[in-house]
Visitor: 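I have a structure here, written as structure tokens, and I will follow up with some questions on it.
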Amino acid sequence: MKENRIAGFFKGVGNAFGLIGTAFSKGDWKTKLSFIIMGFGSLMRKQFARGIAFLAVEVLYIWYIVSFGAGYLKDFGTLGTVATREEPAYFNGIEIGKTTVFGDNSFLILLFSVMTLFITALFIIIWYINVKNNYESQVRLESGKKLPTNKQDLSSLLDHNFDKTLLAIPVFGVFMFVVVPIVFMILVAFTNYDMNHQPPTNLFSWVGFENFKNLLSIGGSGFGSTFFTVLGWTLIWAFFATFLNYFGGMAVAILINKKGIKFKKLWRTILVMTIAVPQFVSLLYVGKMFAKDGLINGYLMKWGVIDQAIPFWTDPTLAKIMIIVINVWVGIPYVMLITTGLLMNIPEDLYESARIDGANPWQMFMKITLPYMLFVTGPYLLTSFTGNLNNFNVIYLLNTGSPLSTELTGGAGRTDLLITWLYKLTVNDTNYRMAAVIGIMVFVVTAVISLVVYNILPSVKDEEGFQ
Amino acid sequence: MASKKKITNIITYVVLVLISIIWLFPFVCLVLQSFRSYNEMGGGMVDYVIPKKFSLDSYRFLFDPSSNFVNWYKNTLIISIFVTIGQTAFVLCTSYVLSRMRFKGRELLMRFWLILGMFPGFLSMICLYFLLKQFGLTQEGAVPGLILISVASSGMGYYICKGFFDTLPKALDEAARIDGATRAQIFFGMIIPLAKPIIIYQALVAFMGPWCDYVFASYVAFGNSASYNVAVGLQRWLFTGDYQGYFTRFCAGGVLVAVPVTILFMCLQKYYVEGVTGGAVKG
């Protein structure tokens, strides 16, 4: 399957080159000239809408490269050699002060190089479409058919080319604000961009795999032991956060769904409050409730249950437990909402016949409810797990990943997830090189888990299983 | 038998009441503490819930020009409204195309976006910051900058909406096409009116997002207090400000933020449930 796809890709590329070849050898002068002046053939064949569009792309591209792109792209290999610096300024041969001499800026060189490379790739694709289009028009005319008029061309954008109209802006947005930044950051992982190399006064440069080595090196100033500690906690956290919420939420949904229970809507509404109230309000407040001088400790001391404040957030183990427990408070309502409707979908006669066979409620849950729910909500469990791997809000708003520890490097705290650590490395330490490496690792972990779990999900393997 | 059933019902009620208390307790405390006088105990954290003296000091402070809170609120509201419009439009366009039209590279695009989604969003934070800075959309210009970021990448969140479109029968489209309607006419005249529940869901989610957006907002608006949103501003009050004094003010601000959002959510709850349930089952 996969090989087919790769083979198909190369076949496609081969076909494209083949077409360029035929277009060049068999094309008339209009088509041939379109190789250099895009849209020339279309213009000569009175397809002004297409011709002008192609020509405009070419003019814009050349203007972009000459005035902007090329200047950055030429320094891509070194990321700049001349830093911005201060030099004495002279007036009539006498030093009168300092003047700033602007040099290169590694950051902008890298960013705009990436952008230029992408734009060039896009340009080549459009150029190819232009060649193909011109040649096809020529063949069409030679075989005596008519070409679509300008009006038809334009109105097709609202009909069978409507996909291009609708997708153009969203795809461009994703490309500019997701793809370019991600490629940029992947490249940063191979540079020494950190607090000592802040352009424009201190340039950064390529360092190869040094950062990855640093991530895996244990001992000394290496990130290795911290990375594995944080990774371990991230996985433990995601496991508990997902499954405790899942079973808790389902239990609550079953309780509310139970026959003979009144005010069903009221109970649900109360729970849904935690979804409705913006998380930063509820989580920050709950975080403070459990602080050393917070409400809970205050009450417990007033009632004489404890003499000293319980270190909810400063004791590593306790902090971890607290986070998981509070996350249950946050997460149960979501699961409750999702499962309520699904639970009612389970055919009642399944339970009826089980009851006749003498099954107790627990057996019915294990044999009927749970398998059905796991089957239906499999994809949700997966997305929820990967979402929890990157659950920034709960950790950061509750206790900012504290307590800090001397055993951990890179400013990581005991309850930091990879994602909050990444945030701290970026914002507090400006250690962008390691932040980029961590980001790549988060991607790897997410991708591996998604792939493995996705392939063992029953609802993927056997779509008809419960229908 | 009947009495056994009664007992289990009573137990269930007890559990449900307990759950309700646990779930509501923080919110009740939040509201009550926001009415505590600023002067009494310096406005910090105390070991009792019901204020000894009710006062509106904290709320008065929020509306004082020196506190910037009104600014933050306005910023968040502006961001929310524009993000709602933009994201909903982007998501609708993308999901309609991916659900209804077949074109070269469709599978590739979906697969590519799925993989992109596995990269943590913060990874590109610095890059986005400098990208926005090039256009002057940071610090003072943080509000349009944040709108731009949230809207631009929203095409990738098409899953739930596409799932909804997939359930609309294709025969509808085909019938309309036989009658000579163009794709655009079908989209605007037929699909969008049918998609009302999912549009409301999408708009609700988009609207609530910016109220909780802490990470990007704090980074993009860094150091410029006037262009913070409520999440960043109130978080600053709690952690870096003189928090003993600001605790009740945080509570009051939190109440003012939470009340309208909560009411809106409760009114549209039905659509939210439909959306998340559909999304969870289809993945």
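All chains are named by letter (A, B, ...) in the order of the sequence lines, taking the proteins before the strands, and each is independently numbered beginning at 1. Quick note: numbers below take in every heavy atom, side chains included, and nothing from hydrogens, waters or symmetry partners.
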Visitor: Check whether A/Leu422 gets within reach of chain B through its side chain, its backbone, both or neither, counting any heavy atom under 4.5 Å.
Guide: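 For A/Leu422, the contact with chain B is made by the side chain alone.
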Visitor: For residues 252-267 of chain B, run the donor-acceptor check on the side chains, cut-off 3.5 Å, and write out each pair with its distance to 0.1 Å, sequence neighbours left out.
Guide:
{"unit_1": "B/Thr262", "atom_1": "OG1", "unit_2": "B/Ala258", "atom_2": "O", "d": "2.5"}

Visitor: In terms of heavy-atom proximity below 4.5 Å to chain B, should A/Met301 be classed as side chain, backbone, both, or neither?
Guide: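 Looking at A/Met301, nothing touches chain B.
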Visitor: Let me confirm one number: the OG1-CG distance from B/Thr182 to A/Leu157, rounded to the nearest 0.5 Å.
Guide: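 The distance works out to 11.5 Å.
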Visitor: Which one, A/Val286, A/Ile256, A/Leu283, A/Thr426, leads in non-hydrogen pairs under 4.5 Å with chain B?
Guide: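 Highest number of heavy-atom pairs under 4.5 Å: A/Thr426.
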Visitor: What's the spacing between B/Gln235 CD and A/Leu397 CG if we round to 0.5 Å?
Guide: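 Those atoms lie 6.5 Å apart.
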Visitor: Pick from A/Lys258, A/Gln279, A/Arg268: which one has the most heavy-atom pairs with chain B under 4.5 Å?
Guide: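 Maximum pair count with chain B is reached by A/Lys258.
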Visitor: Quick one: what part of A/Ile261 sits under 4.5 Å from any heavy atom of chain B, side chain, backbone, both or neither?
Guide: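 Both backbone and side chain of A/Ile261 come within 4.5 Å of chain B.
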Visitor: Which region of B/Met101, side chain (C-beta onward) or backbone (N, CA, C, O), has a non-hydrogen atom less than 4.5 Å from a non-hydrogen atom of chain A, or is it both or neither?
Guide: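 Contact with chain A involves the side chain of B/Met101 alone.
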Visitor: Less than 4.5 Å to any heavy atom of chain B: does that hold for the side chain of A/Leu266, its backbone, both, or neither?
Guide: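 Neither part.
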Visitor: Chain B heavy atoms under 4.5 Å from A/Thr274: which part of the residue, side chain, backbone, both or neither?
Guide: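 Both backbone and side chain.
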Visitor: What heavy-atom pair brings B/Phe103 and A/Leu167 nearest, and what distance separates the two atoms?
Guide: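 Taking B/Phe103 first and A/Leu167 second, the nearest heavy atoms are CZ-CD1, 3.5 Å.
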Visitor: How are the rings of A/Phe392 and B/Phe122 set to each other: parallel, tilted or perpendicular (split at 30° and 60°)?
Guide: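 Answer is perpendicular, since the angle exceeds 60°.
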Visitor: Can you tell me if CD1 on A/Ile169 sees more than 12 non-hydrogen neighbours from other groups inside 6.0 Å?
Guide: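 Incorrect, the count does not exceed 12.
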Visitor: Tell me, side chain or backbone of A/Ala435 under 4.5 Å from chain B's heavy atoms, or both, or neither?
Guide: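 Just the backbone, heavy atoms under 4.5 Å.
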Visitor: When rounded to the nearest 0.5 angstrom, what is the spacing between CD1 in A/Ile182 and SG in B/Cys127?
Guide: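 The SG atom of B/Cys127 is 10.0 Å from CD1 of A/Ile182, to the nearest 0.5 Å.
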Visitor: Taking ring-ring contact (aromatic ring centres under 6.0 Å, His included) as the cut-off, I'd like each qualifying pair that reaches into residues 161-180 of chain A, sequence neighbours left out, listed once.
Guide: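 Listed once each, the pairs are A/Phe118-A/Phe175, A/Phe162-B/Phe187.
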Visitor: What distance separates A/Ile270 CD1 from B/Leu16 CG, expressed to the nearest 0.5 Å?
Guide: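 Those atoms lie 9.0 Å apart.
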Visitor: To the nearest 0.5 Å, tell me how far A/Ile438 CD1 sits from B/Leu123 CG.
Guide: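 Here the rounded value is 10.5 Å.
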Visitor: For the pair B/Trp237 and A/Phe280, evaluate ring pair (Phe, Tyr, Trp, His ring centres under 6.0 Å) and give the outcome as yes or no after the intermediate values.
Guide: CA-CA 13 Å; B/Trp237 276 1; A/Phe280 88 92; over 10 Å; no
Visitor: Looking at side-chain heavy atoms only, is the closest gap between B/Trp211 and A/Val281 below 4.5 Å?
Guide: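 Sidechains of A/Val281 and B/Trp211: no contact.
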Visitor: Report yes or no: does A/Tyr396 contribute a side-chain atom to a donor-acceptor pair with the main-chain N or O of B/Tyr214 at less than 3.5 Å?
Guide: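 No, A/Tyr396 side chain to B/Tyr214 backbone: no donor-acceptor pair under 3.5 Å.
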Visitor: Mind ranking A/Val427, A/Ile440, A/Leu111, A/Ile275 by heavy-atom pairs under 4.5 Å with chain B and telling me who comes out on top?
Guide: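 That would be A/Ile275.
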Visitor: At their closest point, which heavy atom of B/Pro26 faces which heavy atom of A/Tyr285, and how far apart are they?
Guide: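 For B/Pro26 and A/Tyr285, the tightest heavy-atom pair comes out as O-CE2, 3.5 Å.
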Visitor: Is it the side chain or the backbone of A/Lys164 that comes within 4.5 Å of chain B heavy atoms, both, or neither?
Guide: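 Neither the backbone nor the side chain of A/Lys164 comes within 4.5 Å of chain B.
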Visitor: By a 4.5 Å heavy-atom criterion (distance strictly below it), what part of B/Phe119 contacts chain A: side chain, backbone, both, or neither?
Guide: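 Both parts, backbone and side chain.
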Visitor: Please state whether the side chain, the backbone, both or neither of B/Phe222 comes within less than 4.5 Å of a heavy atom of chain A.
Guide: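 For B/Phe222, no heavy atom lies under 4.5 Å from chain A.
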Visitor: Could you have a look at A/Pro333, A/Gly287, A/Ser450, A/Ser156 and say which one has the most heavy-atom pairs with chain B under 4.5 angstrom?
Guide: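 Going by pairs under 4.5 Å, I would pick A/Pro333.
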Visitor: Do any pairs count as a side chain to side chain donor-acceptor pair (under 3.5 Å) and have a residue in residues 93-105 of chain B, sequence neighbours left out, and if so which ones?
Guide: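 Sorted pair list: B/Ser99-B/Asp166, B/Arg100-B/Asp173.
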Visitor: Between B/Cys29 and chain A, which part of the residue has a heavy atom less than 4.5 Å away: side chain, backbone, both or neither?
Guide: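 Both parts, backbone and side chain.
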Visitor: Please report the shortest heavy-atom distance between A/Asn393 and B/Cys212, naming the atom on each side.
Guide: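 Of all heavy-atom pairs spanning A/Asn393 and B/Cys212, the closest is ND2-O, 4.4 Å.
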Visitor: Tell me, side chain or backbone of A/Met273 under 4.5 Å from chain B's heavy atoms, or both, or neither?
Guide: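 The answer is both parts of A/Met273.
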Visitor: Measure across A/Phe443 and B/Ile115 and return the closest heavy-atom pair with its distance rounded to 0.1 Å.
Guide: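 Looks like CE1-O, 3.6 Å.
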Visitor: Under 4.5 Å from any heavy atom of chain B, what part of A/Val444 do you find: side chain, backbone, both or neither?
Guide: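 For A/Val444, neither part sits under 4.5 Å from chain B.
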Visitor: So if I take each residue of residues 145-154 of chain B and look for any heavy atom under 4.5 Å from a heavy atom in chain A, which residues do I end up with?
Guide: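 Residues in range: B/Leu148, B/Ala152, B/Ser153.
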Visitor: Got a second to check how far A/Trp267's CH2 is from B/Ile19's CD1, nearest 0.5 Å?
Guide: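 Output value for this atom pair is 9.0 Å.
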Visitor: For B/Phe188, which atoms come within 4.5 Å of any heavy atom of chain A: side chain, backbone, both, or neither?
Guide: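 For B/Phe188, side-chain heavy atoms alone lie under 4.5 Å from chain A.
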Visitor: Please state whether the side chain, the backbone, both or neither of A/Val272 comes within less than 4.5 Å of a heavy atom of chain B.
Guide: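 Both parts, heavy atoms under 4.5 Å.
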